[in-house]
Amino acid sequence: MPTLACDEFDLELTLDSGQTFHWQSLGAGFVGTIGDRAVYLEQRGADLKVRGAETSPPARKTRPLAEVVARYFALDHPLAEICASLPDDPAIQTAAAFCRGLRIMRQPRWECLATFITSSMKQVAHIRQMSLALRQCFGRKLGINGAHVYAFPSAVNLARATEKELINCGLGYRAKNLLATARRVAGGEADVEGWAALGDEDLRARLCELPGVGPKVANCVMLFAYERLRAFPIDVWIERVLRQHYFPRRRRLTTAQLRDFAARHFGEHGGYAQQYLFHHARKTRPRRLSPRTR
DNA sequence: CTCCAGGGATGAT
DNA sequence: ATCATCCATGGA
């Protein structure tokens, strides 16, 4: 199987860090899609084994799969330098050590935006379920390693859906927002590709105009699909971590103050800092003790 | 500024 | 089987 060198990379950790919600474990690796391509991935140390779909209509000239994978997982990010640039405080240093090899991905823009619109007020298991349902109902079916996966549906395809169909995919009140946003993107009113040329503030403003997109979702999309490594999404987990470690006995603290602090303290790679704090907090969350073990 | 809808998996009892 | 918990956005 074709192999790609991947230093300072942990595939499983990266796929399990709340950036993407459709990869499934299969044998010793994972199957999923990158754009319209079905992919099987398996990591052995610094080797990343990569297999593309056995395409039935033989693919026309396309970019080499290794390039596509390397770009998707941002294997070009200088991880050692990024970690060295993070502030030297115990909270972030502990989290960064815990998350060695976790990279901030470069996901397809529409797929990332649509998925994070569905993510609001949902936990990872739900988001995975909705992603799968949307793919099965509206996406293209692809074969890989004897399994099958579904590409994420284009905005045009989702724009043709009815609200009821999206509700049947488990979206609840998010159906209306996703449908409205899909229609704006499909109609060219919202140019999610063209927006890549905008500065951070303008991009955030454009994203926040879309139905179902607030500051948190906008920051996730900026970070995971637009390479804006300063973007610092603040959800309840991160808010807890920030208050606990950086403002231990300050009671009155607005979200605006937290935002300003994060931007100043974590700087140009704030998104990496956020992802490390987030993943560490989730994976080391204090589990409630049952009465028996207490 | 505050309050609240909303809903299904998850874990505790 | 029942019950509490988790959660971002948007609108009142």
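Each chain gets a letter, A, B and so on, in the order its sequence line appears, and its residues count up from 1. Being a predicted model, the structure only gives us computed values, none of them experimental.
- If you measure from atom CZ of A:R174 to atom P of C:dG11, you get 15 Å, rounded to the nearest angstrom.
- Across every strand in view, C:dT2 sits in a pair with B:dA12 that passes the Watson-Crick or G-U test at under 3.5 angstrom.
- For A:I127 and C:dT9, the CD1 to P distance is 12 Å, given to the nearest whole Å.
- At the heavy-atom level, A:D235 lies under 4.0 Å from the strands shown only through sugar-phosphate atoms.
- Within 4.0 Å (heavy atoms only), A:R252 reaches no atom of the nucleic acid at all.
- If you take CZ on A:F232 and NZ on A:K216, they are separated by 12.0 Å, rounding to the nearest 0.5 Å.
- Ring pair A:W23/A:F73 is tilted by interplanar angle, where 30° to 60° counts as tilted.
- When each of A:E111, A:R135, A:R140 is checked for a side-chain hydrogen bond (donor to acceptor under 3.5 Å, both in side chains) with A:T33, only A:R135 meets the rule.
- Minimum atom distance to the side chain of A:V236 is reached by C:dC7, of the listed B:dG8, C:dC7, C:dT9.
- Mapped onto DNA chain C by nearest heavy atom, A:V213 and A:R240 fall at different nucleotides, with A:R240 at the one closer to the 5' end.
- Computed from coordinates, the A:N177 CG to C:dG11 P distance equals 8 Å when rounded to whole Å.
- Here C:dC6 is the nucleotide among B:dT10, C:dT9, C:dC6 with the atom lying nearest to any side-chain atom of A:Q123.
- One interatomic measurement links the two molecules: NZ of A:K216 to C1' of C:dG10, which rounds to 16 Å at whole-angstrom precision.
- Taking the six-membered ring where the residue is Trp, A:F261 and A:F247 present perpendicular rings, their angle passing 60° and hence far from 30°.
- C:dT9 atom C1' lies 16 Å from atom CD of A:E209, rounded to whole Å.
- Of the two residues contacting DNA chain B, namely A:T254 and A:A125, the nearest-nucleotide position lying further toward the 5' end is that of A:T254.
- Atom pair A:H126:NE2 and C:dC6:C1' shows a separation of 9 Å (rounding to whole Å applied).
- For the residue pair A:Y226/A:D200, the side-chain donor-acceptor check at 3.5 Å is not satisfied.
- Nearest nucleotide to the side chain of A:K122, out of B:dT10, B:dG7, C:dT9: B:dG7.
- Here A:W237 reaches the OP1 or OP2 of C:dC7: one of its side-chain N or O atoms lies under 4.0 Å away.
- Nucleotide C:dA12 forms a Watson-Crick or G-U wobble pair with B:dT2, both donor-acceptor distances falling under 3.5 Å.
- At C:dC6, none of the side-chain N or O atoms of A:R282 fall inside 4.0 Å of OP1 or OP2 (strictly under the cut-off).
- In this structure, A:F21 places its CZ atom 15 Å from C1' of B:dA9, rounding to the nearest Å.
- Summarising the geometry, the separation between CG on A:L179 and P on C:dT9 is reported as 19 Å, rounded to the nearest angstrom.
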